[in-house]
Amino acid sequence: MTGLASTLRLLSIPLLSVAVPFGFVLWAFPEDLAPARMIGIVVGWIGCGLLLVSLLLMLREPRLARWLGGLERMYRWHHVTGILAYVALLLHPLALAANGLSTSPAFAWETLSAFDEGWAVWSGWLGLLVLMLGLIVTFSPTLNQRLSYGTWRWLHAALALGVLLGLVHLVLLGIDEPVLPIIAVVALILAWRALRGDLGLAAHPYIVSSVQPIAEGAVEIGLRPLGDPLAIAAGQFVLVAFFAGPTYRGCGEFHPFTVSSIDPDRVLHVGVKALGDCTRRMLSIEQGVAARVMGGFGNFLADRKAAPQFWVAGGIGVAPFVALLRAGHLSDATRLLYLYRSEADAVFLSELRTIAASDPRLSLQAVATGDTLPDLTQILPDASQLSGCDCYFCGPPGLIAALEPLLRAKGVTARHIHYENFEFR
């Protein structure tokens, strides 16, 4: 990737997040109004634009993901724009009420209160409440742990309902001329996601051809294409839904899995670790089970430069590095720091030790951490060893969050730090 292309991808989502709300404000900018009322209308349109961007960023389209810098990056910005949209939309009625203070506090309260108003106001408040519910479900650690993925997904879909209620609010206020095209775009995005993403019309048919245990609570599943294979590179990830077999009862939900290798006959292998009810059930999957696969996604390892490299993997996050090693893509001196809870829990560990013993370019540092994150300052190489290295890491969000500032403190610049995680909640 050229420097210009890389910069354009880096700026694509921020520019989109500014351009769409700014376009809405230009389209419907209020004139000759009191300042507070004007601010209230402007922030309302900004919130509407940010919500539209947030919806666009939840699409699971490989080509769109490549244009915007990857699916994982799209999901992070989906969360950011959703929060900013909610804040803007919350300021909308508050600014309108502040405008009413010049008349009287009672008039300002009537502006905020929906009890004496019709559906035009009720729909706006309902939209805000639904958005609040969706954000609570998305960002509450307690709910994320307690809710199943399927339940969480449907509650998170309340964000889309909140968007539609907000647009209905505008139509009921009589602002239908600029809003109806927006409703059409929102409906198209939601239908596209539901049909191609959630229902899997964009997925390709595969079948389970092999199942191999790779650690305690983890298996590697081979998937043979039943038609045209997907265009997938080593180290990317795919979204896979497994269906019912003779004894296996599939979840039917799409989950992200890293492609650990691709055979010459286009059979792809994915590593699955039991991290929840659905993935735990996958440990007993059998040959012949039908699957639908979407992808490939992810490109943080695709454009590695010719330079010494430092890789850090946590748990199943070692899979993309295993894929590169299996594909023979190691050309420079590389150090792999692999963190796992215990030897029994470490996926691909024996294979990595074999590769490191036979390839002098690979240095393996395998560390059993137990159930808590270790003191990384005692494990990471010193600044002199990291000088000139490109650093790549993949694993749980806690590990990634801890690594980046430590590497920056050791003199590694941002352009030499690359990472990816698969937290799609």
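Just so we're clear, the structure is a prediction, and the values are computed from it rather than from any experiment.
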Participant: I need the Arg60 CZ to Tyr75 OH distance, nearest 0.5 Å.
Facilitator: 3.5 Å
Participant: What's the spacing between His255 NE2 and Leu239 CG if we round to 0.5 Å?
Facilitator: 10.0 Å
Participant: Could you tell me if the side chain of Leu352 sits less than 4.5 Å from the side chain of Leu325, heavy atoms only?
Facilitator: yes
Participant: Go through the steps to decide whether Val186 and Leu51 satisfy the test side chain to side chain contact (heavy atoms under 4.5 Å, CB included), and finish with yes or no.
Facilitator: CA-CA 10 Å; Val186 169; Leu51 278 178; over 6 Å; no
Participant: Quick check against the 3.5 Å criterion: does Glu220 have a side-chain atom that pairs as donor or acceptor with the backbone of Ser260?
Facilitator: no
Participant: What verdict does the side chain to side chain contact (heavy atoms under 4.5 Å, CB included) test give for Ile183 and Leu180, after you've listed the backbone C-alpha separation in whole Å, the side-chain angles of each residue and the deciding distance to 0.1 Å?
Facilitator: CA-CA 5 Å; Ile183 293 178; Leu180 291 178; 4.3 Å; yes
Participant: Please examine the side chains of Val219 and Met282, heavy atoms only from C-beta on, and report whether any two atoms are closer than 4.5 Å.
Facilitator: no
Participant: Sort out for me which residue in Val270, Thr258, Leu223 forms a side chain to side chain contact (heavy atoms under 4.5 Å, CB included) with Val238.
Facilitator: Val270
Participant: Any non-hydrogen side-chain atom of Ile46 less than 4.5 Å from a side-chain atom of Phe24?
Facilitator: no
Participant: Checking Arg73 side chain against Leu68 main chain: does a donor-acceptor pair fall under 3.5 Å?
Facilitator: yes
Participant: Any chance you could measure Cys391, atom SG, to Leu406, atom CG, to the nearest 0.5 Å?
Facilitator: 11.5 Å
Participant: Just wondering, do Ile417 and Leu403 contact through their side chains at under 4.5 Å, heavy atoms?
Facilitator: no
Participant: What do you reckon, is CZ of Arg196 surrounded by more than 12 foreign heavy atoms closer than 6.0 Å?
Facilitator: yes
Participant: Contact between Leu399 and Phe393 at the side-chain level, heavy atoms closer than 4.5 Å - yes or no?
Facilitator: no
Participant: Is a donor from one side chain sitting under 3.5 angstrom from an acceptor on the other, for Tyr206 and Arg266?
Facilitator: no
Participant: About how many Å separate CD1 of Ile214 and NE2 of His269, when rounded to the nearest 0.5 Å?
Facilitator: 11.5 Å
Participant: Please report the closest heavy-atom contact between Ser261 and Arg326, naming both atoms and the distance.
Facilitator: OG-NH1, 3.4 Å
Participant: Any non-hydrogen side-chain atom of Pro30 less than 4.5 Å from a side-chain atom of Arg37?
Facilitator: no
Participant: How long is the span from the CD atom in Gln365 to the CG atom in Leu339, to the nearest 0.5 Å?
Facilitator: 8.0 Å
Participant: Evaluate the criterion side chain to side chain contact (heavy atoms under 4.5 Å, CB included) for residue pair Leu380 and Phe310; output intermediate values, then yes/no.
Facilitator: CA-CA 10 Å; Leu380 293 174; Phe310 176 52; 3.9 Å; yes
Participant: Might you point out which heavy atoms bring Cys394 and Pro320 nearest each other, and give the distance in Å?
Facilitator: SG-CG, 4.0 Å
Participant: What are the two closest non-hydrogen atoms of Val53 and Leu16, and how far apart are they?
Facilitator: CG2-O, 3.7 Å
Participant: Are more than 12 heavy atoms from other residues, nucleotides or ligands located less than 6.0 Å from atom CG of Asp228?
Facilitator: no
Participant: Are Phe321 and Tyr392 packed together at the side-chain level, in the sense that at least one heavy-atom pair is separated by less than 4.5 angstrom?
Facilitator: yes
Participant: Are more than 12 heavy atoms from other residues, nucleotides or ligands located less than 6.0 Å from atom CD of Glu216?
Facilitator: no
Participant: Taking His78's backbone N and O only, do any of them form a donor-acceptor pair with Ser54's side chain (distance below 3.5 Å, no angle check)?
Facilitator: yes
Participant: Within a reach of under 6.0 Å around CZ of Phe22, are more than 12 heavy atoms found that belong to other residues, nucleotides or ligands?
Facilitator: no
Participant: Quick one: do Leu190 and Arg193 satisfy side chain to side chain contact (heavy atoms under 4.5 Å, CB included)? Show the steps, please.
Facilitator: CA-CA 5 Å; Leu190 294 177; Arg193 166 61 192 257; 5.9 Å; no
Participant: How far apart are the closest heavy atoms of Phe243 and Val289, and which atoms are they?
Facilitator: O-CG1, 3.0 Å
Participant: Identify the heavy atoms of Phe297 and Glu61 that sit nearest to each other, and give their distance.
Facilitator: CE2-C, 3.9 Å
Participant: Give a yes or no answer on whether the side chain of Glu351 reaches the backbone of Phe348 with a donor-acceptor pair at less than 3.5 Å.
Facilitator: no
Participant: Would you say the side-chain atoms of Arg292 pair up with the backbone N or O of Ala203, donor to acceptor, closer than 3.5 Å?
Facilitator: yes
Participant: Under 3.5 Å, is there a donor-acceptor pair between the side chain of Thr369 and the main chain of Tyr340?
Facilitator: yes
Participant: Would you give the length of the straight line joining atom OH of Tyr248 to atom CD1 of Ile285, rounded to the nearest 0.5 angstrom?
Facilitator: 4.5 Å
Participant: Do Ile13 and Met74 come close enough that some side-chain heavy atom pair is under 4.5 Å?
Facilitator: yes
Participant: If you compare all heavy atoms of Ser17 against all heavy atoms of Thr81, which two are closest, and at what distance to 0.1 Å?
Facilitator: OG-CG2, 3.5 Å
Participant: With a 6.0 Å cut-off (strictly less than), is the heavy-atom count around CZ of Arg281, excluding the residue itself, greater than 12?
Facilitator: yes
